[in-house]
**Student:** 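The structure that follows is given in the form of C-alpha coordinates.
What you are looking at is a predicted structure, and each value in this text was computed from that prediction instead of being measured.
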Amino acid sequence: MIKIDPELSKYFIDIYVVANTPTYLYRRFRSQEIIRDLANRYSEEDLIDYIKKIDSSQNPSISDVANAYAISVALTFKNSEMIKKLLKSYELKKLEWVLHIVQIWLVTEIPTTSSDFYVETTRVNYNINMSSSKSTNTIKQVRLKNDQS
Amino acid sequence: MPSKFILQPQFMELALETAEKNKIPNAQSKEISSQELLQANDVEKKWGEKITRRSNPTSIYNCHGLVFASRRTGIFDNSSVRQILEDDKYHEIQKEDALPGDIVIYFNEGDIEHSGIVITTPSESPLKIPLVYSKWGKYSEVIHLQNHCPYHQSEIKYYRVVR
(Lines give C-alpha, C1' and ligand atoms only; values in the text may rest on other atoms or scores of the structure.)
Protein backbone atom coordinates (compact mmCIF):
# COMPACT_ATOMS: atom_id res chain seq x y z
CA MET A 1 0.00 0.00 0.00
CA ILE A 2 1.52 3.30 -1.05
CA LYS A 3 1.59 6.05 1.56
CA ILE A 4 2.58 9.55 0.55
CA ASP A 5 3.70 12.05 3.13
CA PRO A 6 1.33 15.06 3.31
CA GLU A 7 4.25 17.47 2.87
CA LEU A 8 5.26 15.67 -0.30
CA SER A 9 1.66 15.81 -1.45
CA LYS A 10 1.70 19.58 -1.08
CA TYR A 11 4.71 19.70 -3.33
CA PHE A 12 2.95 17.52 -5.91
CA ILE A 13 -0.12 19.77 -5.72
CA ASP A 14 2.06 22.81 -6.48
CA ILE A 15 3.17 21.19 -9.71
CA TYR A 16 -0.17 19.67 -10.65
CA VAL A 17 -2.29 22.75 -10.14
CA VAL A 18 -0.33 25.02 -12.51
CA ALA A 19 0.23 22.40 -15.23
CA ASN A 20 -1.31 23.55 -18.48
CA THR A 21 -0.42 20.41 -20.37
CA PRO A 22 0.47 16.76 -19.70
CA THR A 23 3.91 17.47 -21.13
CA TYR A 24 4.57 20.06 -18.42
CA LEU A 25 3.45 17.64 -15.74
CA TYR A 26 5.63 14.87 -17.16
CA ARG A 27 8.72 17.05 -17.44
CA ARG A 28 8.37 18.60 -13.98
CA PHE A 29 7.70 15.36 -12.15
CA ARG A 30 10.25 13.32 -14.06
CA SER A 31 13.03 15.72 -13.17
CA GLN A 32 12.42 15.15 -9.43
CA GLU A 33 14.53 12.61 -7.59
CA ILE A 34 11.61 11.77 -5.33
CA ILE A 35 9.68 10.38 -8.29
CA ARG A 36 12.50 8.00 -9.09
CA ASP A 37 12.53 7.02 -5.41
CA LEU A 38 8.83 6.15 -5.59
CA ALA A 39 9.55 3.99 -8.63
CA ASN A 40 12.35 2.20 -6.77
CA ARG A 41 10.32 1.68 -3.65
CA TYR A 42 7.16 0.23 -5.18
CA SER A 43 6.30 -2.41 -7.75
CA GLU A 44 4.52 -1.77 -11.04
CA GLU A 45 1.40 -3.39 -9.55
CA ASP A 46 1.49 -1.16 -6.47
CA LEU A 47 1.81 1.98 -8.58
CA ILE A 48 -0.98 1.03 -10.94
CA ASP A 49 -3.26 -0.08 -8.10
CA TYR A 50 -2.82 3.36 -6.53
CA ILE A 51 -3.74 5.10 -9.78
CA LYS A 52 -6.79 2.86 -10.25
CA LYS A 53 -7.93 3.48 -6.70
CA ILE A 54 -7.85 7.26 -7.12
CA ASP A 55 -9.32 7.03 -10.60
CA SER A 56 -12.31 5.07 -9.37
CA SER A 57 -13.05 7.23 -6.33
CA GLN A 58 -16.12 9.45 -6.58
CA ASN A 59 -14.67 12.78 -5.45
CA PRO A 60 -10.90 12.54 -5.13
CA SER A 61 -9.18 15.29 -3.20
CA ILE A 62 -6.65 17.50 -4.90
CA SER A 63 -3.84 15.70 -3.05
CA ASP A 64 -5.16 12.32 -4.24
CA VAL A 65 -5.14 13.52 -7.84
CA ALA A 66 -1.73 15.17 -7.61
CA ASN A 67 -0.30 12.05 -5.96
CA ALA A 68 -1.79 9.87 -8.68
CA TYR A 69 -0.05 11.94 -11.36
CA ALA A 70 3.24 11.78 -9.50
CA ILE A 71 2.79 7.99 -9.36
CA SER A 72 1.95 7.98 -13.09
CA VAL A 73 5.30 9.57 -13.82
CA ALA A 74 6.99 7.09 -11.45
CA LEU A 75 5.62 4.39 -13.77
CA THR A 76 7.83 5.79 -16.50
CA PHE A 77 10.90 4.52 -14.64
CA LYS A 78 9.52 1.00 -14.77
CA ASN A 79 9.45 -1.75 -17.34
CA SER A 80 7.33 -0.51 -20.21
CA GLU A 81 6.11 -3.96 -21.29
CA MET A 82 4.79 -4.61 -17.82
CA ILE A 83 3.04 -1.21 -17.70
CA LYS A 84 1.44 -1.80 -21.08
CA LYS A 85 0.16 -5.16 -19.86
CA LEU A 86 -1.22 -3.73 -16.63
CA LEU A 87 -2.94 -0.78 -18.31
CA LYS A 88 -4.21 -2.73 -21.29
CA SER A 89 -7.57 -3.75 -19.95
CA TYR A 90 -8.25 -0.77 -17.71
CA GLU A 91 -10.33 2.20 -18.82
CA LEU A 92 -9.49 5.37 -16.92
CA LYS A 93 -12.54 7.30 -15.79
CA LYS A 94 -11.34 10.30 -13.88
CA LEU A 95 -7.64 10.95 -14.38
CA GLU A 96 -7.51 12.60 -17.76
CA TRP A 97 -3.77 12.78 -18.38
CA VAL A 98 -2.45 9.43 -17.15
CA LEU A 99 -2.52 7.82 -20.58
CA HIS A 100 -1.01 10.91 -22.14
CA ILE A 101 1.85 10.76 -19.68
CA VAL A 102 2.45 7.11 -20.46
CA GLN A 103 2.22 7.93 -24.14
CA ILE A 104 4.76 10.74 -23.88
CA TRP A 105 7.10 8.29 -22.20
CA LEU A 106 6.54 5.57 -24.78
CA VAL A 107 7.18 7.81 -27.76
CA THR A 108 10.39 9.11 -26.24
CA GLU A 109 11.85 5.89 -24.86
CA ILE A 110 14.22 3.71 -26.83
CA PRO A 111 12.03 1.14 -28.56
CA THR A 112 12.67 -2.30 -27.11
CA THR A 113 10.00 -4.06 -29.06
CA SER A 114 8.07 -3.62 -32.25
CA SER A 115 4.75 -4.40 -30.59
CA ASP A 116 2.15 -1.68 -30.30
CA PHE A 117 0.55 -0.43 -27.13
CA TYR A 118 -3.13 -1.22 -26.94
CA VAL A 119 -5.38 0.18 -24.28
CA GLU A 120 -9.03 0.98 -24.25
CA THR A 121 -8.98 4.61 -25.23
CA THR A 122 -8.78 6.76 -28.28
CA ARG A 123 -5.51 7.32 -30.04
CA VAL A 124 -3.02 9.85 -28.81
CA ASN A 125 0.11 10.74 -30.73
CA TYR A 126 2.81 12.90 -29.32
CA ASN A 127 5.71 14.63 -30.90
CA ILE A 128 7.59 16.39 -28.18
CA ASN A 129 11.12 17.54 -27.90
CA MET A 130 12.67 15.69 -25.00
CA SER A 131 16.18 16.60 -25.96
CA SER A 132 17.22 16.95 -22.36
CA SER A 133 16.73 13.25 -21.76
CA LYS A 134 16.95 11.25 -24.95
CA SER A 135 17.65 13.43 -27.92
CA THR A 136 18.65 10.69 -30.30
CA ASN A 137 15.65 8.47 -29.84
CA THR A 138 13.51 7.67 -32.78
CA ILE A 139 9.95 8.68 -32.19
CA LYS A 140 7.72 5.81 -33.06
CA GLN A 141 4.03 5.99 -33.59
CA VAL A 142 2.22 4.06 -30.93
CA ARG A 143 -1.23 2.77 -31.51
CA LEU A 144 -3.72 2.85 -28.74
CA LYS A 145 -7.29 1.63 -28.78
CA ASN A 146 -8.47 -1.91 -29.37
CA ASP A 147 -7.24 -1.81 -32.89
CA GLN A 148 -6.85 -5.39 -33.98
CA SER A 149 -5.11 -4.66 -37.25
CA MET B 1 4.90 14.45 -37.63
CA PRO B 2 1.93 16.34 -36.22
CA SER B 3 0.84 15.39 -32.72
CA LYS B 4 -2.75 14.91 -31.80
CA PHE B 5 -4.40 15.23 -28.45
CA ILE B 6 -7.59 13.22 -28.38
CA LEU B 7 -9.20 12.58 -25.07
CA GLN B 8 -11.18 9.59 -24.02
CA PRO B 9 -14.77 9.85 -25.25
CA GLN B 10 -16.25 10.68 -21.84
CA PHE B 11 -14.48 14.04 -21.79
CA MET B 12 -16.34 16.95 -23.31
CA GLU B 13 -14.92 18.44 -26.48
CA LEU B 14 -16.29 21.57 -28.20
CA ALA B 15 -16.32 22.33 -31.91
CA LEU B 16 -13.24 24.52 -32.21
CA GLU B 17 -11.54 25.55 -35.44
CA THR B 18 -8.82 27.89 -36.59
CA ALA B 19 -9.52 30.70 -39.06
CA GLU B 20 -8.58 28.20 -41.77
CA LYS B 21 -11.15 25.69 -40.50
CA ASN B 22 -8.63 23.24 -39.09
CA LYS B 23 -10.06 21.40 -36.10
CA ILE B 24 -8.47 22.03 -32.74
CA PRO B 25 -8.70 19.13 -30.25
CA ASN B 26 -9.80 20.42 -26.87
CA ALA B 27 -11.50 19.36 -23.66
CA GLN B 28 -13.29 20.85 -20.71
CA SER B 29 -11.56 19.20 -17.81
CA LYS B 30 -13.75 18.09 -14.94
CA GLU B 31 -11.05 16.17 -13.18
CA ILE B 32 -11.12 18.25 -10.03
CA SER B 33 -13.75 20.53 -8.52
CA SER B 34 -13.22 24.26 -8.03
CA GLN B 35 -13.73 23.66 -4.33
CA GLU B 36 -10.84 21.23 -4.22
CA LEU B 37 -8.71 23.62 -6.26
CA LEU B 38 -9.17 26.23 -3.53
CA GLN B 39 -7.11 23.92 -1.31
CA ALA B 40 -4.08 24.72 -3.44
CA ASN B 41 -3.21 27.65 -1.23
CA ASP B 42 0.53 27.03 -1.45
CA VAL B 43 0.42 28.65 -4.87
CA GLU B 44 -0.91 31.78 -3.16
CA LYS B 45 1.80 31.55 -0.53
CA LYS B 46 4.54 31.13 -3.08
CA TRP B 47 3.43 33.76 -5.56
CA GLY B 48 0.84 35.77 -3.65
CA GLU B 49 2.78 38.99 -3.25
CA LYS B 50 3.88 39.06 -6.86
CA ILE B 51 0.58 38.35 -8.54
CA THR B 52 -3.03 39.45 -8.65
CA ARG B 53 -5.53 36.64 -8.86
CA ARG B 54 -8.41 37.68 -11.08
CA SER B 55 -10.71 34.66 -11.03
CA ASN B 56 -11.61 31.61 -9.02
CA PRO B 57 -9.73 28.41 -9.83
CA THR B 58 -11.33 26.26 -12.51
CA SER B 59 -10.21 23.29 -14.54
CA ILE B 60 -12.59 24.01 -17.44
CA TYR B 61 -9.97 25.92 -19.45
CA ASN B 62 -6.22 26.31 -19.38
CA CYS B 63 -3.87 29.08 -20.53
CA HIS B 64 -4.32 28.27 -24.22
CA GLY B 65 -8.07 28.06 -23.67
CA LEU B 66 -8.01 31.57 -22.23
CA VAL B 67 -5.86 33.00 -25.02
CA PHE B 68 -7.29 31.14 -28.02
CA ALA B 69 -10.72 29.78 -27.04
CA SER B 70 -12.43 32.51 -25.01
CA ARG B 71 -12.25 30.58 -21.72
CA ARG B 72 -14.59 27.87 -23.00
CA THR B 73 -12.28 24.87 -23.04
CA GLY B 74 -8.70 23.68 -22.70
CA ILE B 75 -6.17 23.17 -25.49
CA PHE B 76 -3.41 20.80 -24.50
CA ASP B 77 -0.94 20.07 -27.25
CA ASN B 78 1.82 21.91 -29.00
CA SER B 79 0.75 21.23 -32.53
CA SER B 80 -2.69 22.76 -31.98
CA VAL B 81 -1.21 25.99 -30.66
CA ARG B 82 1.22 26.11 -33.57
CA GLN B 83 -1.67 25.50 -35.96
CA ILE B 84 -3.61 28.39 -34.43
CA LEU B 85 -0.60 30.72 -34.64
CA GLU B 86 -0.20 29.90 -38.31
CA ASP B 87 -3.83 29.82 -39.43
CA ASP B 88 -4.88 32.87 -37.42
CA LYS B 89 -1.97 34.91 -38.80
CA TYR B 90 -0.02 35.51 -35.64
CA HIS B 91 3.37 37.04 -36.39
CA GLU B 92 6.25 37.18 -33.97
CA ILE B 93 7.13 40.67 -32.75
CA GLN B 94 9.96 42.02 -30.65
CA LYS B 95 9.33 42.26 -26.93
CA GLU B 96 9.94 46.03 -26.91
CA ASP B 97 7.20 46.46 -29.52
CA ALA B 98 4.60 44.51 -27.53
CA LEU B 99 1.31 46.28 -26.89
CA PRO B 100 -1.70 45.38 -24.76
CA GLY B 101 -3.59 42.60 -26.53
CA ASP B 102 -0.52 40.92 -28.01
CA ILE B 103 0.17 37.43 -26.80
CA VAL B 104 3.18 35.92 -25.10
CA ILE B 105 4.25 32.28 -25.41
CA TYR B 106 6.63 30.43 -23.09
CA PHE B 107 8.66 27.68 -24.75
CA ASN B 108 10.65 24.96 -23.03
CA GLU B 109 13.00 23.11 -25.37
CA GLY B 110 10.56 23.58 -28.21
CA ASP B 111 7.44 22.63 -26.29
CA ILE B 112 4.83 25.29 -25.67
CA GLU B 113 4.47 25.41 -21.92
CA HIS B 114 2.34 28.48 -21.36
CA SER B 115 0.62 31.42 -23.04
CA GLY B 116 -0.80 34.74 -21.88
CA ILE B 117 -2.05 38.15 -22.98
CA VAL B 118 0.02 41.33 -22.67
CA ILE B 119 -1.70 44.10 -20.70
CA THR B 120 1.01 46.75 -20.37
CA THR B 121 3.82 47.78 -22.66
CA PRO B 122 7.35 46.85 -21.56
CA SER B 123 8.27 50.54 -21.49
CA GLU B 124 5.83 51.13 -18.61
CA SER B 125 7.99 49.04 -16.29
CA PRO B 126 11.42 50.11 -14.99
CA LEU B 127 12.83 46.70 -15.94
CA LYS B 128 11.05 46.76 -19.32
CA ILE B 129 9.01 43.71 -18.43
CA PRO B 130 5.35 43.75 -19.45
CA LEU B 131 2.45 42.75 -17.27
CA VAL B 132 0.61 39.73 -18.55
CA TYR B 133 -2.59 37.99 -17.65
CA SER B 134 -2.76 34.30 -18.05
CA LYS B 135 -4.37 31.17 -16.67
CA TRP B 136 -2.12 28.96 -14.57
CA GLY B 137 -3.18 25.42 -15.33
CA LYS B 138 -6.20 24.47 -13.24
CA TYR B 139 -5.57 27.40 -10.93
CA SER B 140 -6.82 30.95 -11.49
CA GLU B 141 -6.39 33.67 -14.04
CA VAL B 142 -3.50 35.72 -12.79
CA ILE B 143 -2.03 39.14 -13.54
CA HIS B 144 1.74 38.92 -13.29
CA LEU B 145 4.97 40.26 -14.64
CA GLN B 146 6.06 38.19 -17.61
CA ASN B 147 8.88 36.68 -15.54
CA HIS B 148 6.89 36.02 -12.36
CA CYS B 149 5.24 32.69 -13.03
CA PRO B 150 6.00 28.98 -12.68
CA TYR B 151 6.91 28.50 -16.34
CA HIS B 152 10.21 28.23 -18.13
CA GLN B 153 11.75 31.62 -18.89
CA SER B 154 14.47 30.63 -21.35
CA GLU B 155 12.52 31.26 -24.54
CA ILE B 156 9.68 33.73 -24.52
CA LYS B 157 8.16 35.05 -27.73
CA TYR B 158 5.56 37.71 -28.43
CA TYR B 159 2.98 37.52 -31.20
CA ARG B 160 0.41 39.78 -32.82
CA VAL B 161 -2.29 39.01 -35.37
CA VAL B 162 -1.37 40.71 -38.65
CA ARG B 163 -3.88 40.40 -41.48
**Student:** Is there a path from A:M82 to A:Y90 through hydrophobic residues (I, L, V, M, F, W, Y) whose side chains come within less than 4.5 Å of each other?
**Tutor:**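 Both belong to a single hydrophobic cluster.
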**Student:** Verify the neighbour count for atom CD of B:E49: are there more than 12 heavy atoms of other residues, nucleotides or ligands below 6.0 Å?
**Tutor:** no
**Student:** Taking atom CD of B:E86 as the centre, report whether more than 12 heavy atoms of other residues, nucleotides or ligands fall under 6.0 Å from it.
**Tutor:** no
**Student:** One pair to check against side chain to side chain contact (heavy atoms under 4.5 Å, CB included): B:V43 and A:D14. What are the steps and the verdict?
**Tutor:** CA-CA 6 Å; B:V43 179; A:D14 275 1; 4.3 Å; yes
**Student:** Would you say B:I143 and B:Y106 are hydrophobically clustered, going by side-chain heavy atoms of ILVMFWY under 4.5 Å?
**Tutor:**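 Hydrophobic grouping puts B:I143 apart from B:Y106.
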**Student:** Same cluster for A:Y69 and A:I104 if Ile/Leu/Val/Met/Phe/Trp/Tyr side chains link at under 4.5 Å?
**Tutor:**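 Result: yes, single cluster for both.
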**Student:** State, to 0.1 Å, how close B:N108 and A:R27 come at their nearest heavy-atom pair, and which atoms those are.
**Tutor:** O-NH2, 3.5 Å
**Student:** For the interface with chain B, which of A:D64, A:N59, A:I62 has the highest count of heavy-atom pairs at distances below 4.5 Å?
**Tutor:** A:I62
**Student:** Using every non-hydrogen atom in the two residues, find where B:F76 and A:P22 come nearest and quote the distance to one decimal.
**Tutor:**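 It is O-CD, 4.0 Å.
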**Student:** To the closest 0.5 Å, what do you measure between CG (B:L37) and OH (A:Y16)?
**Tutor:**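 The OH atom of A:Y16 is 6.5 Å from CG of B:L37, to the nearest 0.5 Å.
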**Student:** Among the clusters formed by ILVMFWY side chains lying less than 4.5 Å apart, do B:F68 and B:I119 turn up in the same one?
**Tutor:**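 Yes; tracing contacts between hydrophobic side chains, which count when under 4.5 Å, links both residues.
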**Student:** In terms of heavy-atom proximity below 4.5 Å to chain B, should A:V65 be classed as side chain, backbone, both, or neither?
**Tutor:**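 Contact with chain B is through the side chain of A:V65 alone.
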**Student:** Can you tell which of B:V142, B:I32, B:I75 has the highest number of heavy-atom pairs within less than 4.5 Å of chain A?
**Tutor:**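 Of the options given, most contacts go to B:I32.
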**Student:** Which residue out of B:E113, B:H114, B:H152 racks up the most heavy-atom pairs below 4.5 Å with chain A?
**Tutor:**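 Of B:E113, B:H114, B:H152, B:E113 has the most heavy-atom pairs under 4.5 Å with chain A.
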**Student:** Taking all heavy atoms of B:D111 and all of A:T23, pick out the closest pair and write down the distance.
**Tutor:**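 Result for this residue pair: OD2-CG2, 3.7 Å.
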**Student:** Distance-only, no hydrogens or angles: does the B:Y151 side chain make a donor-acceptor pair with backbone N or O of A:V18 under 3.5 Å?
**Tutor:**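 Pair found, side chain donor or acceptor close to backbone of A:V18.
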**Student:** Please determine whether the number of non-hydrogen atoms from other residues, nucleotides or ligands lying under 6.0 Å from atom CD of B:Q94 exceeds 12.
**Tutor:**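 No - once you tally the heavy atoms of other residues, nucleotides and ligands closer than 6.0 Å, there are 12 at most.
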**Student:** Do B:Y61 and B:M12 belong together in a cluster built from hydrophobic side chains that touch within less than 4.5 Å?
**Tutor:**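 Not linked; separate clusters.
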**Student:** Testing the basics here: between B:K138 and A:W97, what is the closest heavy-atom pair and its distance to 0.1 Å?
**Tutor:** NZ-CH2, 3.7 Å
**Student:** Quick check: closest heavy atoms across B:W136 and A:N20, and the distance to 0.1 Å?
**Tutor:**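 What the structure gives for the nearest pair is C-OD1, 4.0 Å.
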**Student:** Count the heavy atoms of every other residue, nucleotide or ligand shown that sit under 6.0 Å from CD of B:E17, and state whether that count exceeds 12.
**Tutor:**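 For B:E17, atom CD is crowded (more than 12 foreign heavy atoms under 6.0 Å).
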**Student:** Is a salt bridge present between B:K30 and A:E96, judged by a nitrogen-to-oxygen distance below 4.0 Å?
**Tutor:** no
